[in-house]
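Along the sequence shown, residues carry numbers from 1.
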Amino acid sequence: MLLINMTMYNLKNMKENVRKRIAELPSPAFAGVVREKTALSAIAEIKNASYDGADMIDLHLSTLEDLSLNTLKKIIDSSNVPVLALDYRASYSWEYLPYSEEERISHLLSAVEAGASAVDLQSYTFDALSRTRYHGDDSLSFASLSPMETVTDKVIIAKQMALIDSLHAKGVEVLLSCHPKIKMNAEQVLELALFLERRNPDIIKIVTVSENDNDVMESIRATKLLKEKLHTKFAYHLSGKVGSLSRILNPLFGSHIVFCVDRFNEGSTMEQLLLSKAKAAFDSLRKIKE
């Protein structure tokens with residue numbers, strides 16, 4: 001009887017955890033990134049990450065060989081923490097997958113139907129050209145830097161906002177992500193974030209480029225500005241090997257999500273942090289900061 005009661009308790013907790021909103025998780029939320037080919041390997045990685053303390057799962061759809069609703073439901077149902085679904089058009093071996101925007105959005109909507117708590121909606125959505133080339137408003141302070149994934153066309157933004165509204169109506173959160181692929185100072189990062197915030201996402205994610213330690217220090221200044229000025233939860237860090245340090249430092253100053261891998265394999269983002277080490281490092285740094 002005790003075993004049955006404990007099982008029922010665990011099942012109840014699992015359902016409650018899945019319903020948790022990612023924006024309302026204690027900051028920072030540690031995300032277990034899952035980039036796998038098959039449902040079985042994805043489920044195994046979700047379980048590994050969950051046992052090692054992941055607060056949420058970051059599920060890459062574009063690496064999966066089977067995106068049927070039944071398969072996605074099996075994968076998402078295996079998680080006892082909320083799942084953020086994303087499709088960055090990257091295969092398991094990081095080749096670009098040239099399917100249409102409509103197909104990419106359909107993958108996200110299938111994940112929603114399968115039970116994903118949130119989707120990562122890229123800021124170039126409905127404007128594939130902006131993925132690799134800036135062709136927007138020159139009045140923005142960072143426009144001369146030609147930021148990628150940055151849409152300023154009002155018609156496209158309205159279309160994005162309609163999609164965000166429809167997802168919200170389903171009870172689904174939206175993380176609006178932007179990878180400008182350029183260096184930006186703190187004020188430019190803030191301007192971009194405020195620009196994205198107008199689209200009413202639940203979380204804003206920005207990743208800019210780093211070249212040296214000075215960029216890491218600037219990212220901390222940017223994070224503090226974002227914490228002061230934004231009304232929306234945000235995740236901000238730098239790309240590149242040097243930028244890996246920002247992934248653990250910026251959450252000390254307000255960045256909401258730390259994207260980690262439970263264990264590295266050939267499909268991993270090698271700049272991401274190891275989940276168990278990141279949690280331990282953050283706990284130690286937070287105690288020092290306090």
Side-chain angles (χ1 to χ4, degrees), residues 22-23 25-36 41-42 44-60 62-63 79-86 88 90 92-94 118 120 175 177-181 183 189 203-224 226-227 233-290:
I22 291 172
L25 292 171
S27 291
F30 287 83
V33 176
V34 176
R35 295 190 84 256
E36 298 293 336
S41 59
E45 189 60 16
I46 286 171
K47 289 187 178 295
N48 288 332
S50 297
Y51 282 128
D52 283 340
D55 302 302
M56 56 178 283
I57 296 298
D58 189 50
L59 178 64
H60 284 249
S62 59
T63 62
S79 178
N80 64 350
V81 293
V83 173
L84 169 68
L86 66 152
Y88 283 5
Y92 185 76
S93 52
W94 297 100
D120 180 333
L175 180 150
S177 65
C178 185
H179 302 72
K181 297 181 176 64
K183 287 179 60 169
V189 172
I203 305 168
I204 294 168
K205 176 186 174 185
I206 298 175
V207 182
T208 55
V209 170
S210 66
E211 295 175 356
N212 52 52
D213 291 344
N214 290 333
D215 298 327
V216 176
M217 300 304 293
E218 184 69 6
S219 79
I220 294 174
R221 191 169 75 88
T223 302
K224 294 178 71 175
L226 293 171
K227 181 68 173 178
K233 289 289 181 71
F234 66 91
Y236 174 58
H237 64 264
L238 304 175
S239 64
K241 186 176 181 180
V242 174
S244 292
L245 191 57
S246 72
R247 293 175 180 267
I248 197 64
L249 291 178
N250 290 3
L252 287 169
F253 299 95
S255 186
H256 183 56
I257 303 175
V258 186
F259 294 92
C260 305
V261 293
D262 185 71
R263 61 198 65 192
F264 289 98
N265 57 40
E266 64 271 24
S268 300
T269 300
M270 299 304 174
E271 298 165 3
Q272 287 174 339
L273 305 175
L274 190 65
L275 177 61
S276 57
K277 300 297 184 184
K279 287 179 69 71
F282 181 81
D283 288 342
S284 296
L285 288 169
R286 179 165 52 187
K287 287 176 184 177
I288 293 171
K289 187 172 181 284
E290 292 172 350

Is the side chain of Ser276 donor-acceptor paired with the backbone N or O of Asp52 at a distance under 3.5 Å, no angle test?
-> no
Testing Ile57, Val33, Leu175, Leu59 for side chain to side chain contact (heavy atoms under 4.5 Å, CB included) with Leu84, which one passes?
-> Leu175
For His179, the ring pair (Phe, Tyr, Trp, His ring centres under 6.0 Å) test, sequence neighbours excluded, returns Tyr88
Heavy atoms of Pro28 and Asp55 approach each other most closely as O-OD2, 4.0 Å
State which residues pass side chain to side chain donor-acceptor pair (under 3.5 Å) with Lys227; sequence neighbours excluded, sorted by chain then number.
-> none
Mind checking side chain to side chain donor-acceptor pair (under 3.5 Å) for Ser219 and listing every partner two or more places apart, or none if nothing turns up?
-> Asn250
What are the two closest non-hydrogen atoms of Ala90 and Ser62, and how far apart are they?
-> O-OG, 2.6 Å
State the CZ-CD distance between Arg35 and Gln272, to the nearest 0.5 angstrom.
-> 9.0 Å
What one should report as the nearest heavy-atom pair of Gly254 and Thr223 is N-CG2, 4.0 Å
Who are the salt bridge (charged side-chain N to carboxylate O under 4.0 Å, His left out) partners of Glu218, not counting sequence neighbours?
-> Arg221
Qualifying residues under side chain to side chain contact (heavy atoms under 4.5 Å, CB included), relative to Leu273, sequence neighbours excluded = Arg247, Ile248, Val258, Cys260, Ala278
Counterpart residues, salt bridge (charged side-chain N to carboxylate O under 4.0 Å, His left out), relative to Asp215 (two or more places apart) | Lys183
What residues form a side chain to side chain contact (heavy atoms under 4.5 Å, CB included) with Ala235, not counting sequence neighbours?
-> Lys205, Ser255, Ile257, Phe259
Rounded to the nearest 0.5 Å, what separation is found between the CZ atom of Phe253 and the CG atom of Leu226?
-> 13.0 Å
Inter-residue atom distance Leu245.CG - Leu238.CG, 0.5 Å rounding = 9.5 Å
If you measure from CG on Leu285 to CG on Leu249, what distance do you get to the nearest 0.5 Å?
-> 6.5 Å
Taking only residues two or more places apart in sequence, or in another chain, which ones meet Ser27 in a side chain to side chain donor-acceptor pair (under 3.5 Å)?
-> His256
Considering all heavy atoms, the nearest Asn80-Ser50 contact = OD1-OG, 3.3 Å
Correct closest heavy-atom pair for Ser239 and Ser210 would be O-OG, 2.6 Å
Please list, chain by chain and in numerical order, all residues satisfying salt bridge (charged side-chain N to carboxylate O under 4.0 Å, His left out) with Arg263, sequence neighbours excluded.
-> none
Kindly write out the residues that satisfy salt bridge (charged side-chain N to carboxylate O under 4.0 Å, His left out) with Asp213, not counting sequence neighbours, or none if the list is empty.
-> none
Ignoring hydrogens and angles, tell me if any N or O in the side chain of Ser79 forms a donor-acceptor pair with the backbone of Val81 under 3.5 Å.
-> yes
Is there a donor-acceptor pair closer than 3.5 Å between any side-chain N or O of Thr63 and the backbone N or O of Glu36?
-> yes
Mind checking what makes side chain to side chain contact (heavy atoms under 4.5 Å, CB included) contact with Phe264, not counting sequence neighbours?
-> Val261, Ser268, Met270, Leu274
What closest approach, in Å, do Cys178 and Pro180 show between heavy atoms, and which atom pair accounts for it?
-> O-CD, 3.4 Å
In Å, rounded to the nearest 0.5 Å, how long is the span from OH of Tyr236 to OG1 of Thr208?
-> 3.0 Å
Look up atom NZ in Lys277 and atom CG in Leu275, then write down how far apart they are to the nearest 0.5 Å.
-> 11.5 Å
Taking side chain to side chain donor-acceptor pair (under 3.5 Å) as the test, write out the residues that go with Asp262, two or more places apart.
-> none
Sub-4.5 Å side-chain heavy-atom contact between Val34 and His60 = no
